[in-house]
Number of protein chains: 2
Amino acid sequence: MNIGAAAEEAGVSAKMIRHYEAIGLLRPALRRDNRYRDYGDREVHELRFIGRARRLGFSIEEIRTLLALWRDDARPSRDVRRVAQAHLQDLESRIAEMQAMAGSLRELVAHCHGDSRPDCPILDGLGAARENG
Amino acid sequence: MNIGAAAEEAGVSAKMIRHYEAIGLLRPALRRDNRYRDYGDREVHELRFIGRARRLGFSIEEIRTLLALWRDDARPSRDVRRVAQAHLQDLESRIAEMQAMAGSLRELVAHCHGDSRPDCPILDGLGAARENG
DNA sequence: GCTTGACCTTCCAATGGTGGGAAGGTGTAT
DNA sequence: ATACACCTTCCCACCATTGGAAGGTCAAGC
């Protein structure tokens, strides 16, 4: 199976597959006589794992850890849970940050009449002398 | 006022101030005989504006637009509002995406007993054959 | 006057994850 | 043979920020 087909099946771009191999996330793919990379079900399965983890926001380094655990039949689920929970907390704190941003912004937008007049609470808020306003 | 002091006052790193100047977000600072950049209240005020906008998640290009509007006494507040609202919607959709991630992840974490046993719904979820699981 | 240390200057590189594209090889169908 | 779709490696760009090297400047203390 060529890289394009594997990419299609796994939901990861061919570009990224090569990249994952280059940074050592994946073992170098087998090559045909062509020098074309050759993928089987096992590799596609791994790629799908990576794709899904990326879509859940895990970093490459986190995925490196998760893949190692995945391959290890004797891993304690505790280790997996720790990685996932740390990432979840990271996600949650980033969400909270962005919600704070959105909240302030909504406030500013709500008070701006948004017509042809120049006075604008949004610009006033950004230019204000005090940091909390 | 040297760049360090201006950075301190405005809540933006000196490194970034130079960068903002290099990319044309800020007009080149006046220089002393030293060749040191020299900042006054007006410039610090602008830097503070930029810092606040960055903290609200506006991109450099958005800030470029906002700064131009800020400097233009005759801007229609409509234009400002449009920029802010577009950014707000962008923020909101990114928040929604991340909340979806966090939700799936919470689900997985909740079902993982997290002890010394190897079976783990988190890994099962990431490795699953189906995409929606 | 000379040293020390805290500033400042410019320039180059790295981060993370992904995409774009060049330049060239390969496979397959007409 | 020709066209086209795929593959290969390689380098570059994005965005915003940080780090560091190599060197200039200033103020304080001895």
Side-chain angles (χ1 to χ4, degrees), chain A residues 1-26 28-40 43-44 47 49-67 83 86-87 90-91 94 97-98 101, chain B residues 1-26 28-40 43-44 47 49-67 83 86-87 90-91 94 97-98 101:
Chain A
M1 184 179 227
N2 280 351
I3 197 172
E8 180 82 9
E9 289 231 356
V12 175
S13 78
K15 218 70 168 156
M16 279 299 102
I17 296 179
R18 294 195 196 95
H19 179 61
Y20 294 151
E21 183 183 313
I23 63 174
L25 186 61
L26 293 171
L30 293 176
R31 303 292 186 122
R32 291 185 202 260
D33 295 343
N34 308 0
R35 301 182 39 79
Y36 284 17
R37 288 175 180 81
D38 194 13
Y39 298 92
E43 286 79 15
V44 169
L47 285 170
F49 181 99
I50 295 175
R52 238 176 243 127
R54 284 297 299 139
R55 256 163 263 135
L56 285 178
F58 284 100
S59 74
I60 299 290
E61 290 314 306
E62 285 165 336
I63 294 173
R64 204 184 291 276
T65 304
L66 290 174
L67 267 178
V83 174
H87 172 52
D90 191 61
L91 255 184
R94 273 162 36 219
E97 242 179 79
M98 293 175 71
M101 286 185 199
Chain B
M1 184 179 226
N2 280 351
I3 196 172
E8 178 81 10
E9 290 230 355
V12 175
S13 78
K15 227 47 175 167
M16 278 300 100
I17 296 180
R18 293 194 197 95
H19 179 62
Y20 294 151
E21 184 182 314
I23 63 175
L25 186 62
L26 293 170
L30 294 176
R31 301 294 185 122
R32 291 184 203 262
D33 294 345
N34 311 0
R35 301 181 37 80
Y36 283 17
R37 287 174 182 79
D38 193 14
Y39 297 92
E43 286 79 16
V44 170
L47 285 169
F49 181 99
I50 294 174
R52 238 177 244 127
R54 283 298 298 139
R55 255 163 264 135
L56 286 178
F58 285 99
S59 74
I60 297 290
E61 290 314 306
E62 285 165 336
I63 294 174
R64 203 184 291 276
T65 305
L66 291 174
L67 265 179
V83 174
H87 173 52
D90 190 61
L91 256 183
R94 276 168 25 225
E97 244 179 79
M98 293 176 71
M101 288 185 196

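First the proteins, then the strands, lettered A, B, ... as listed; each starts at 1.
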Short side-chain N/O contact from B/R35 to OP1 or OP2 of D/dT25, under 4.0 Å: no
Distance below 4.0 Å between A/R37 side-chain N/O and D/dT9 OP1 or OP2: yes
Set of residues satisfying side-chain hydrogen bond (donor to acceptor under 3.5 Å, both in side chains) with respect to A/R32, sequence neighbours excluded: A/D38
A/Y36: partners by side chain to side chain contact (heavy atoms under 4.5 Å, CB included), with sequence neighbours left out: A/N2, A/N34
For B/M101, all residues meeting side chain to side chain contact (heavy atoms under 4.5 Å, CB included), sequence neighbours excluded: A/L91
Residues that A/R37 engages under salt bridge (charged side-chain N to carboxylate O under 4.0 Å, His left out), provided they are two or more places apart: A/E21
Nucleotide-resolved protein contact map, nucleotides 17-30 of chain C, B/S/- at heavy-atom distance under 4.0 Å: SBSBB---BBS---
Contacts of type side chain to side chain contact (heavy atoms under 4.5 Å, CB included), residue A/E97, not counting sequence neighbours: none
Report, one pair per line, the protein and nucleotides 12-14 of chain D atoms (nitrogen or oxygen only) whose separation is under 3.5 Å.
none

Below 3.5 Å is the cut-off: list the nitrogen or oxygen pairs between protein and nucleotides 2-5 of chain C, distance only.
none

Axis bend over the full length of the helix from C/dG1-D/dC30 to C/dT30-D/dA1, computed from five pairs that close each end, to 10 degrees: 30°
Partner set under ring-ring contact (aromatic ring centres under 6.0 Å, His included) for B/F58, not counting sequence neighbours: B/H87
Residues forming a salt bridge (charged side-chain N to carboxylate O under 4.0 Å, His left out) with A/R35, sequence neighbours excluded: none
Sugar-phosphate only, base, or nothing, as touched by B/R31 at under 4.0 Å among non-hydrogen atoms: sugar-phosphate
Set of ring-ring contact (aromatic ring centres under 6.0 Å, His included) partners for A/F49, sequence neighbours left out: A/W70
